[in-house]
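Right, one structure below, let's go through it.
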Amino acid sequence: MTSSSSGLVVSGLSKRYGATRALSDVSLEIRPGQVVALIGHNGAGKSTLLRALAGAEVPDEGTISIDGRTMHFQSPIDAADAGIACVYQELSLVNELTIAENLFLGAEQVRHLLLDRRAMNRRADELLEEFHIPAAATDLVARLPVSQRQLLEVVRAINRNTKYLLLDEPTTALEREQVDELLEVIRRLVRERQIGVLFINHKLSEVYAIADQIVGLANGEIVLSGDARTVTAEQVVEAIVGEDEGPDIARDRATRKVAPAGSEPKGEVALAVRGLRGNGLNGIDLTVHKGEILGIYGLNGSGRSRFLRTVYGIEPVVEGEMTLGGAPFRPRRPERAIEQGVAFVSEERKSDGFVPQMTSVENVLLPVLERFTRIGILNWRKLRSAARQALGRVPIVGDIEEPITSLSGGNQQKVLFARAMLQGPELLLLDEPTKGVDIGAKAEIHDIIRRFAEEGRSVIVVSSEEDEILEVSDRIVIFRHGACDGEAVAVGDLGVTDLRRRAWASAE
């Protein structure tokens with residue numbers, strides 16, 4: 001790669017996590033006044049590269065240089081001091097603070113040893129006017145719609161004299177008109193302030209609307225790099241879809257009984273969803289049968305997790321219908337979903353999966369306390385007995401009477417499965433069920449999922465790992481841009497390449 005003295009240059013970057021090589025000899029360049037689009041399938045290494053550039057990860061090999069000077073980032077503060085700002089897909093604004101307080105958080109203006117709130121509010125109002133955000137500096141961020149919070153993240157980066165802006169799927173939660181507005185803001189920043197931008201996105205229409213260069217990443221390696229004016233959408237998809245699964249995955253799948261291609265499930269319908277819309281969902285159709293494991297696959301921002309949260313009553317339904325066991329189903333909060341036989345295991349177990357200070361036994365009991373209450377008094381003997389029986393169904397290593405945080409990540413996840421089992425649900429919703437667990441725990445969790453389905457109950461699994469979704473599912477549906485057409489593909493001979501092609505089918 002040809003390097004210049006002006007620009008953000010990555011040379012031979014590599015990063016391992018144990019036996020997994022997340023990045024392998026990655027090199028790219030972002031020049032001032034240029035947008036480089038970085039694309040790739042789930043797990044391609046995009047987030048790892050982003051974190052390395054933002055100072056959140058230290059690479060094992062390779063160098064990062066800015067304007068000819070080699071950098072050694074040990075923290076995000078180091079990257080920020082060098083002029084790099086990162087806007088992650090999950091927004092980092094503090095809802096309880098005002099817009100001005102968020103814009104200056106960590107970089108507050110001081111006058112006579114006191115916070116100069118007047119100066120910060122004045123500057124915040126100037127920025128809000130410049131970027132056409134209809135709000136005041138003293139408004140709480142919680143009152144802003146998602147689109148304006150997303151733009152505010154960009155404004156905060158600009159306010160700190162950013163030279164290079166890293167954007168991780170910035171349009172995921174935005175409507176079409178809002179996407180156009182954000183892209184126009186990025187164009188203006190690039191043109192007027194000569195900011196260099198790394199734009200991570202899988203929507204090719206947006207990529208071609210803004211990018212000067214396109215870089216494709218697959219399995220931690222650069223597989224495509226070229227001028228956006230000459231690289232075709234077909235070349236992009238072909239490069240990042242990659243080759244099919246290796247012999248190990250194929251062998252593992254061969255030992256399972258999977259539904260042949262074209263076959264239909266035989267069980268009764270457990271959950272039917274028709275035309276579901278709300279909070280980024282743009283028309284979901286799907287059917288889950290009793291005794292079936294339905295896999296949901298899609299790119300980041302496709303609406304997979306949002307759908308599960310909607311079925312569980314966390315997110316609102318705007319339009320559409322759902323039936324559970326043939327009866328109308330529209331829970332307005334999780335308690336109603338639990339009462340009607342639905343259990344949910346969240347992707348983020350540490351933030352909304354369990355209570356850290358409680359023991360494993362106590363965490364397992366939380367959703368079913370009312371079942372063991374009489375005239376307002378809990379029957380602790382029966383409660384603890386039920387919890388121990390549930391925990392006995394999953395192989396947990398560690399003391400279940402100690403705080404759950406004393407267990408490993410895999411064992412914490414198995415506690416959450418035990419809690420779901422104790423609820424006795426007919427429908428189990430699993431969002432990234434093996435995220436952050438080791439290989440041994442992953443195999444045990446897969447066994448738990450299969451046993452649950454073999455009991456005649458239904459499971460919906462969301463996973464960004466292609467080999468996992470192929471291994472545990474009977475059929476798979478694809479989510480794209482918040483929509484699902486209801487076409488479920490029997491696993492049969494379906495492979496990783498075909499799965500990725502289906503997910504990218506409408507990205508062009």
Inset, instruction - Could you walk me through whether Phe479 and Val462 pass the side-chain contact (heavy atoms from CB on, under 4.5 Å) test, one step at a time? - result: CA-CA 10 Å; Phe479 274 48; Val462 164; over 6 Å; no
Inset, instruction - Give the intermediate values and the outcome of side-chain contact (heavy atoms from CB on, under 4.5 Å) for residues Val415 and Phe354. - result: CA-CA 9 Å; Val415 170; Phe354 56 72; over 6 Å; no
Legend entry - Arg502/Arg480 under side-chain contact (heavy atoms from CB on, under 4.5 Å): CA gap, chis, key distance, verdict: CA-CA 9 Å; Arg502 289 172 182 269; Arg480 308 181 187 94; 4.1 Å; yes
Inset, instruction - Test side-chain contact (heavy atoms from CB on, under 4.5 Å) on Leu49 and Ile200 and set out the steps. - result: CA-CA 11 Å; Leu49 177 59; Ile200 295 182; over 6 Å; no
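Leu140 has its side chain out of reach of Asn95: every pair of non-hydrogen atoms, C-beta onward, lies at least 4.5 Å apart. Counting only heavy atoms from C-beta outward, the side chains of Glu321 and Pro328 never approach each other to under 4.5 Å. Put simply, the side chain of His202 does not reach to within 4.5 Å of the side chain of Ser302, judged on heavy atoms. Contact of the Val141 side chain with the Leu97 side chain is not registered, since no non-hydrogen atoms from C-beta on lie closer than 4.5 Å. In this structure, the side chains of Val288 and Val273 stay at 4.5 Å or more apart for every pair of heavy atoms. Within the 4.5 Å cutoff, side-chain heavy atoms of Leu152 are placed close to those of Leu128. Looking at Val472 and Val459, their side chains never come closer than 4.5 Å, going by heavy atoms from C-beta outward. Glu426 has its side chain out of reach of Lys290: every pair of non-hydrogen atoms, C-beta onward, lies at least 4.5 Å apart.
Judged by distance alone, with hydrogens and angles left aside, the side-chain atoms of Asn282 form no donor-acceptor pair with the main-chain N or O of Ala483 at under 3.5 Å. With Ser458 contributing its side chain and Glu292 its backbone, the two residues share no donor-acceptor pair below 3.5 Å. A side-chain donor-acceptor contact under 3.5 Å links Glu362 to the backbone of Thr359. With hydrogens and angles ignored, the 3.5 Å screen pairs a side-chain donor or acceptor of Asp60 with a backbone N or O of Arg16. The main-chain N or O of Pro433 is found under 3.5 Å from a side-chain atom of Gln413 such that the two form a donor-acceptor pair. Checking side-chain atoms of Lys46 against main-chain N and O of Gly40 turns up a donor-acceptor pair under 3.5 Å. Side chain of Asp285 to main chain of Gly275: a donor-acceptor pair is present (N/O by atom type, distance under 3.5 Å, no hydrogens or angles). Proximity of a side-chain donor or acceptor of Arg475 to a complementary backbone N or O of Val489 within less than 3.5 Å is not detected. The main-chain N or O of Ser346 is never found under 3.5 Å from a side-chain atom of Asp431 such that the two would form a donor-acceptor pair.
With rounding to the nearest 0.5 angstrom, the OG atom of Ser305 is 10.5 Å from the CD1 atom of Ile314. In this structure, CD1 in Ile478 is found 12.0 Å from CG in Leu286, a value given to the nearest 0.5 Å. Between atom CD1 of residue Ile445 and atom CG of residue Leu430 there is a gap of 9.5 Å, rounded to the nearest 0.5 Å. In this structure, the separation between CG on Leu428 and CZ on Phe344 is 10.0 Å, given to the nearest 0.5 Å. The structure places CD1 of Ile469 at 9.0 Å from OH of Tyr297, a figure rounded to the nearest 0.5 Å. In this structure, CG on Leu217 lies 10.0 Å from OG on Ser24, to the nearest 0.5 angstrom.
Listed by chain and number, the residues in a side-chain contact (heavy atoms from CB on, under 4.5 Å) with Ile338 are Tyr312, Pro367, Gln423 (sequence neighbours excluded). Partners of Ser47 under the side-chain hydrogen bond (donor to acceptor under 3.5 Å, both in side chains) rule, at least two apart in sequence or in another chain, do not exist in this structure. A search for salt bridge (charged side-chain N to carboxylate O under 4.0 Å, His left out) contacts involving Arg51 returns Glu57, not counting sequence neighbours. By the salt bridge (charged side-chain N to carboxylate O under 4.0 Å, His left out) test, Glu101 pairs with Arg117, sequence neighbours left out. Scored by the salt bridge (charged side-chain N to carboxylate O under 4.0 Å, His left out) test, Arg388 finds Glu401 as partners (sequence neighbours excluded). The side-chain hydrogen bond (donor to acceptor under 3.5 Å, both in side chains) check on Arg451 picks up nothing, with sequence neighbours excluded. Annotation: salt bridge (charged side-chain N to carboxylate O under 4.0 Å, His left out) contacts of Glu315 (sequence neighbours excluded): Arg309. Legend: residues meeting ring pair (Phe, Tyr, Trp, His ring centres under 6.0 Å) with Phe104, ordered by chain and number and at least two apart, are absent. Qualifying side-chain hydrogen bond (donor to acceptor under 3.5 Å, both in side chains) partners for Asp81, counting only residues two or more places apart in sequence or in other chains: none. The side-chain contact (heavy atoms from CB on, under 4.5 Å) check on Ala124 picks up Ala100, Leu103, Ala137, with sequence neighbours excluded.
Taking the charged nitrogens against the carboxylate oxygens, Asp498 and Arg501 have no contact shorter than 4.0 Å, which rules out a salt bridge.
The minimum heavy-atom distance between Tyr17 and Ala22, with the atom names listed, is CE1-CB, 3.6 Å. Annotation for Leu53 and Ile84: closest pair O-CD1, 3.5 Å, computed over non-hydrogen atoms. For the pair Phe307 and Ile296, the tightest heavy-atom approach, listed with the atom from each and the gap, is CD2-CD1, 3.8 Å. Across all non-hydrogen atoms, the minimal contact from Pro331 to Val311 is CG-O, 3.3 Å. Minimum heavy-atom separation, Leu294 to Ala488: CD1-CB, 4.5 Å. Listed here is the closest heavy atom pair of Val154 and Leu182: CG2-CD1, 4.3 Å.
Thr287 and Arg274 are linked by a side-chain donor-acceptor pair at a separation below 3.5 angstrom, with hydrogens and angles left out of the test.
The list of salt bridge (Lys or Arg N to Asp or Glu O under 4.0 Å) pairs with a residue in residues 407-419, not counting sequence neighbours, reads Lys414-Glu444. Listed by first and then second residue, the salt bridge (Lys or Arg N to Asp or Glu O under 4.0 Å) pairs that reach into residues 134-154 are Glu153-Arg156, sequence neighbours excluded.
Each of Gln357, Met358, Gln412 was scored for a side chain to side chain contact (heavy atoms under 4.5 Å, CB included) with Ile404, with one residue passing: Gln412.
In the displayed structure, Ile77 atom CD1 is contacted under 6.0 Å by at most 12 heavy atoms of other residues, nucleotides or ligands. More than 12 heavy-atom neighbours from other residues, nucleotides or ligands sit within 6.0 angstrom of CD on Glu339.
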